[in-house]
Every structure is written in C-alpha cells, then in structure tokens.
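Step one of this worksheet: look at the structure below.
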Amino acid sequence: MKKPKNKKAQVQSGETIIVIIIVTIMIIIGLVIASKTKTRNATEESTALNEIDTMKIALIASSLNELKCSEYSAMVKTCMDYHRILSFRDTVLEDKQSSKNYYYSLLGDSEIKIKMIMPDQEPSVQVVTLYKYDNISANKSSSSVFIPLIVFNTMEKENYFSVLEVRKYS
Amino acid sequence: MKNHKAQIEVSFHWIFILIAGAAILAFFLIITKHEKESADINIEGAVGERLEALFSTIQQMPDSINNETLRPELEFRCEADGHTYTLKGGERRFNLYSQVIFSPETVGDGRIITWTKIYSTPFPAAQILYLSDEKTQYIFVKEDAENLYKILPELYEKKLVPAEEVQMQTDQGFRKYVIITKNDVVLDSSMTKKTTIVKITSEGEINFKNLEGTATRKYSNQETLFGAIITGNPELYDCAMEKLMLVSRITSEINLERTEHLEDDTDDRCYRFYAHGIPVEYLQSIIGNSTYPPASDYAPLNQVVTSLSILNRDMARANCPTIY
Amino acid sequence: MNKKNNRGQMETMGLLVIVILVSLILFFALSFGLKNKKTQQTEEQDFTEVQAVSNLGTTMLESTGPCDWTIRQLLTDCAYTHEITCLSTVEGVGVLENSCVAANRTINQMLLITLDEWGYDYRLYVIKNTGLPILNLSSGCQNTATSKTEITPFGTQYGSMEIKITMCK
C-alpha cells in the first residue's frame, strides 16, 4: 500500500522540479536574447549618431564665416576664399587667439581637408588640411562626408573646383 | 495524523507559493526600476544631443527666425566652468563652448523662439543665436525703445507701452519680464520679483536692474544690445559676450593674415589701398578692441569698423581684391 | 490504478503542450521582431549622395578650367562656336587643346576626385538644346535600378544646355 503512494509523490515532485527547470531555462534564454538585441541596437544607434555628427560637422565647416568668399566675388552656393583657407590653416596651427580650443569645441575629433583642382598648375591638385585634431591614430574608426564646392582665388580671379572632406573619428 | 500531515502539506504549499511569488515580483520590480532609470538617462542624453544639433545648425542660418515646441525646461547658467545648460531636474550639464547664445535663465516648457543674426566687424565675424520662449515677455517703453520694438521679430512675446503706463503693468502669468527703457521706472509689486529692467543709459552702456541689484555692462552695437535685452541677465550676457569677442578676434586674425598675403601679392594698381599698412592696422585695431569687457567702451572698435568698411567699398569700386 | 495512470499521463501531456505553445510564441515573436530590419542605406550615404549630385553640376560649371575659361564657357564653345583654342599645361607639358578636349579633360579630373574616389559608377552627359550629347563620360554604370540622376540646366546665348549625371552603386 505504501509503495504506490511514494511513487505518486515522487512523480508529483518530479513534475514540479521539471516545470521549474524548464521555466528557468526559458527565462535565461529570454534574458540572453534580450541583452544581445539591446547590445546590437546600441551599436547601431552609436554608428548612426556618429554619422549624424559627421554631417553636422560638415555643415558647420562648409558654413564657417572665416572661410566664406567675400561678398563681392563668385556667386556660388558654397564658396570658400583661397587665401582665407590658407590663413585659417595657419591660424589654427599656430593657435593664434586660442583658436585651437575654440575649433576643437566646434569641430571635435575630426579632420577637415580641401582638395582643389588648380588649372594650368603643377601639381594640378592641391590638398590643404584645414583642421586636424591631435589624437588621430590609425586604430580609430571614422566616417566621412564630402561636399563639392568652389574655392575662389581673389588675386587670380579663378574658381577652383574643390571637394571638402570631413572625416570624424570615434 | 493523516489530517495533520495534510494540513502541514497545504501550509507548505502556500508558503512556497508566497515566497516564489514575492521573488518573481521583486525581480520584475528591480528590472522595471532599472529600465526606468536607464530610460531617463537616455532621454536626457537624447534631448541634449538634439538641442546641441539644433543650436549648431540654427546658427548656420543667418537672419532666420524659427519657433518650435520644447517640452522640457532648460536652465542656463554662467559659472566658473563656463556657459552651460541643464534640463530641469536633470544632472547632466551641457557646455556651450562655441555657441554664442543669448537667452534668459529658463527657457522651455512650451514654444521656444530662435533668431539668428550675424555679428559683423564689418566682415561677418560670428553668428548670434537669440533664444527665448513664449513665457518671457519683453516690454518696450514707447518713448525710449520703439525702434527696438519694431526690429524684434513678432514671434517673441513683446509689448509696446507708453512710459506712464509701465507702472500699471501687472503680472500676466509670464515666467519673466524684461522692460527696455532709457529712464528709471516704477513697477507694480506683483511684477518686481519676475522683472529685469534693461536701462540704456548712454550709447554703448546698459544697466541691468532687478531685485538682486544693478549691474552696468557695455554693448558694441545693435546685435549685442539685443543680446542684453533677450537675456535680461548680466551674468548670461557676460558669458555670451566673452565668446562673441573671442570668435570675433579669431575671424579678424584670419582676415589679418589674408590681408598680409594680399598686400604681398597685389598689383601696382591696387597697391595704393595697402600703402602704409592701413588695412593691416585697421584689422589689428579690431582685434585689440574686441575684448570683453572693453577697456573703456566700444567707440574705438566702432570707429575702426566704419573706416574699414569705407576702405573695402573703395577697393571693390576700383575692382581690386577686397579685404572681406 | 488505470485512472490514476491516465491522469498522470494527461498532466504530463498538458505540460508538454504548454511548453510547446510558449516556445512557438517566442519563436514567432523573435522572427517578427528581427524581420523588420531591412538593409537600409545609412544616413551618411544618403546625405553624401544628395550633396554630391545636387552640387556637382553647378560647381563644375562655375569652375575655372585651362586658360582661365570657365567650364560653362568651354562647353558653350564646344557646343556652338568652336572658337576657343587653349595652350594648357598637362603633366608639365604645353598642349594645344580645343574647348571640347579641354572641357573633357578637366571634367574627367573633377570626377576623379569626386565620384571615382567615393566609389560610385557614373554616366555624365553634356547635352545641347538639340538633344545631342557633346560630352559623354562613363565609368560603367550597369545597375540602373539603384541610380540617382541629377540634371543641371544652364543657359547660353545660343541656347540651353544641360549636364546630366547619373550615379549608381
């Protein structure tokens, strides 16, 4: 008489234990999947934010008053002055008027170059690095934006076809 | 015996269920609390990033006026660590390192208004953003500041009142009032706590007067005068002016270098404009006088700005490379 | 005894059914959740493409080419008047070019530092008012399904012209 009762109790306890084990396994699997999804979403979001940041810096760089053409010259939507570009580069390089800190706060961890086609000159393509933040290393990932524009040389009265390259490091 | 055993068994079942239930409930409560805190931090960060992008890009659209709704309140401060803003109730501080923004102490929880203007010396030197909201009212005294009233965009909460009616103004529920006048005014008691009087004492000088006291400041031109009006706060005015003058000096330095290059390369026909180093001298004077606070006032700066503007115009007429 | 065994079996079956149901629900929820992640172009690529294509035509036209002629002037001459001859410097050597050759070479140079460098294939046509292309530059744009075309019209005293640039990846 005792044996059937013991067996029944054992089966019941076994059933409870199996239910608990299965539920625990399902919860663990759920948590693992949720955390992996969250990590992947966070990485994607971070990449998207970085790209938006790059575009923001590109817009700021292409609209800087310090680089824009004078009011009496070429009427093109995005136009930079050749001599202002060179002066900007020298001013920031030499940190005149504490410009390095100011432009770091504006342009961040980025590198800004202008590539210009200068006709009838050798070499015909000139590259000027306007701004480069100090801690660039080969290991850092980056995203770039390119904006075609005109660089006007007020002395030669020439418009150079140019490309503004903005590279943001993360 | 069997009954007792069954009763104990049932009691144990209930205890077991209660403990398990409590554990599961506690687990989910912890998860929820953690997620909520994480969400709050994310929101603060997201709003901050969005505002930073908004401030940066709006400043690239000169002479534009915009409004949009901003639910959270922003609190602006000018302290030792710089010009910062926080979301009301938040802990994270966002630093306005490079943006020249004139705003009152608190902005938000409703419609915000942005107005961008270029500060020129006489070339475009910096972009200024005037940021305010529908809860700040600007009261212009008709006899003293009607011209300023007309220039301030319609989107701002503004009012033009005759001098004798200023003391009759009562609190209409705005967060802050800024009264613009050239004379002393008497206020109704309901207004004194929320009001700052911006008194234009002379050309180039203003007084900020509120419950905390009176502060005298200098302004260089109409753009900076509007800066004082929009902020209605001397400390915030100081922060924005320091940045404005810094940016102005940097832009002037770049133009100075450029002018030195042009001076070396210019042809004989145009050399007369560069003779005796006049443009270089003007630019050096602009750099020297673009300080905050100024040595005395901004009259020397304004004088040299006018001279450079005339020289540049003459260069353009002669079809010579211009300074700006 | 049989009734008790049956009851035990039924309970086990019930448990199995619940486990299977929950697994199915999880499976479908995950698969629907992951399904909506389409391959999208990044915001940066969209922005670069818009900026590149919309600015390229106008910027090219206003640029100065060899012998201080603008590209606009060279293209107009190439299409209508054929009067310009230019002694250009090409790799340090003086070369006599007509407006069509000078425009072709210069536009090619511009495309080298833009679309070629950005990894885009393209087709560029400069078309005069008769519809005939006077200039045709291509880097083999095969896949027209994912292409973007920008047309930059410009007026000349002889008639209208346009630059048509098709970019594809």
Side-chain angles (χ1 to χ4, degrees), chain A residues 4 7-8 11-12 15 18-19 22-23 26 29-30 33 37 40-41 44 47-55 58-59 62 74-79 115-125 127 143-153 156-165 168, chain C residues 1 4-5 7-8 11-12 15-16 18-19 22-23 26 29-30 33-34 37 40 42-49 51-71 86-94 102 105-107 109-110 112-115 117-118:
Chain A
K7 277 196 178 164
K8 188 183 172 186
V11 166
Q12 270 195 324
E15 193 185 309
I18 289 168
V19 166
I22 289 170
V23 168
M26 276 164 53
I29 291 170
I33 291 170
T37 313
R40 196 187 59 217
N41 284 347
E44 278 174 6
T47 312
L49 277 172
N50 212 41
E51 286 168 3
I52 290 168
D53 232 3
T54 313
M55 288 185 266
L59 275 171
S62 63
M75 292 296 130
V76 181
K77 188 184 163 195
T78 314
C79 175
K115 211 177 249 186
M116 298 175 277
I117 294 178
M118 300 166 107
D120 296 331
Q121 287 189 43
E122 286 299 319
S124 58
V125 178
V127 182
S143 60
S144 299
V145 168
F146 303 91
I147 301 177
L149 52 94
I150 289 284
V151 169
F152 179 64
N153 185 328
E156 309 294 329
K157 299 268 192 280
E158 287 179 340
N159 290 335
Y160 304 139
F161 178 89
S162 312
V163 177
L164 178 74
E165 179 190 328
K168 169 125 189 345
Chain C
M1 196 69 124
K4 285 182 187 173
N5 281 342
R7 197 174 151 200
E11 279 189 10
T12 317
L15 191 67
L16 265 172
I18 288 168
V19 169
V22 172
S23 309
L26 259 174
L30 273 172
L34 295 171
K37 301 256 184 256
Q40 290 170 350
T42 61
E43 283 97 339
E44 186 189 290
Q45 281 173 313
D46 284 336
F47 179 80
T48 304
E49 275 180 22
Q51 284 291 312
V53 178
S54 67
N55 280 349
L56 210 47
T58 328
T59 312
M60 276 180 181
L61 286 170
E62 299 308 315
S63 305
T64 307
C67 305
D68 287 341
W69 296 107
T70 63
I71 300 300
C86 173
L87 184 67
S88 318
T89 311
V90 181
E91 288 168 11
V93 179
R105 181 175 59 79
T106 312
I107 292 176
Q109 226 176 2
M110 293 174 183
L112 265 171
I113 66 166
T114 51
L115 301 181
E117 205 165 293
W118 305 338

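Below, all heavy atoms of this structure are taken into account, side chains as well, without hydrogens, waters or symmetry copies. In what follows, chains are A, B, ... by sequence order, proteins preceding strands, each numbered from 1.
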Could you measure the distance from the [atom1] atom of [X] to the [atom2] atom of [Y]? Nearest 0.5 Å is fine.
X	Y	atom1	atom2	result
A:Phe161	C:Ile107	CZ	CD1	9.5 Å
A:Phe146	C:Leu56	CZ	CG	13.5 Å
A:Ile150	C:Thr59	CD1	OG1	5.5 Å
A:Met118	C:Thr89	CE	OG1	13.5 Å
A:Thr78	C:Asn55	OG1	CG	5.0 Å
A:Asn159	C:Asp68	CG	CG	10.5 Å

Item to complete: May I ask you to name which of A:Asn153, A:Asp120, A:Ile33 has the most heavy-atom pairs under 4.5 Å with chain C?
Response: A:Asp120
Discussion item. Under 4.5 Å from any heavy atom of chain C, what part of A:Ile29 do you find: side chain, backbone, both or neither?
Written reply: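 Looking at A:Ile29, nothing touches chain C.
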Discussion item. To check you understand the geometry: which heavy-atom pair defines the closest contact between C:Pro66 and A:Pro119, and what is its length?
Written reply: N-CB, 3.9 Å
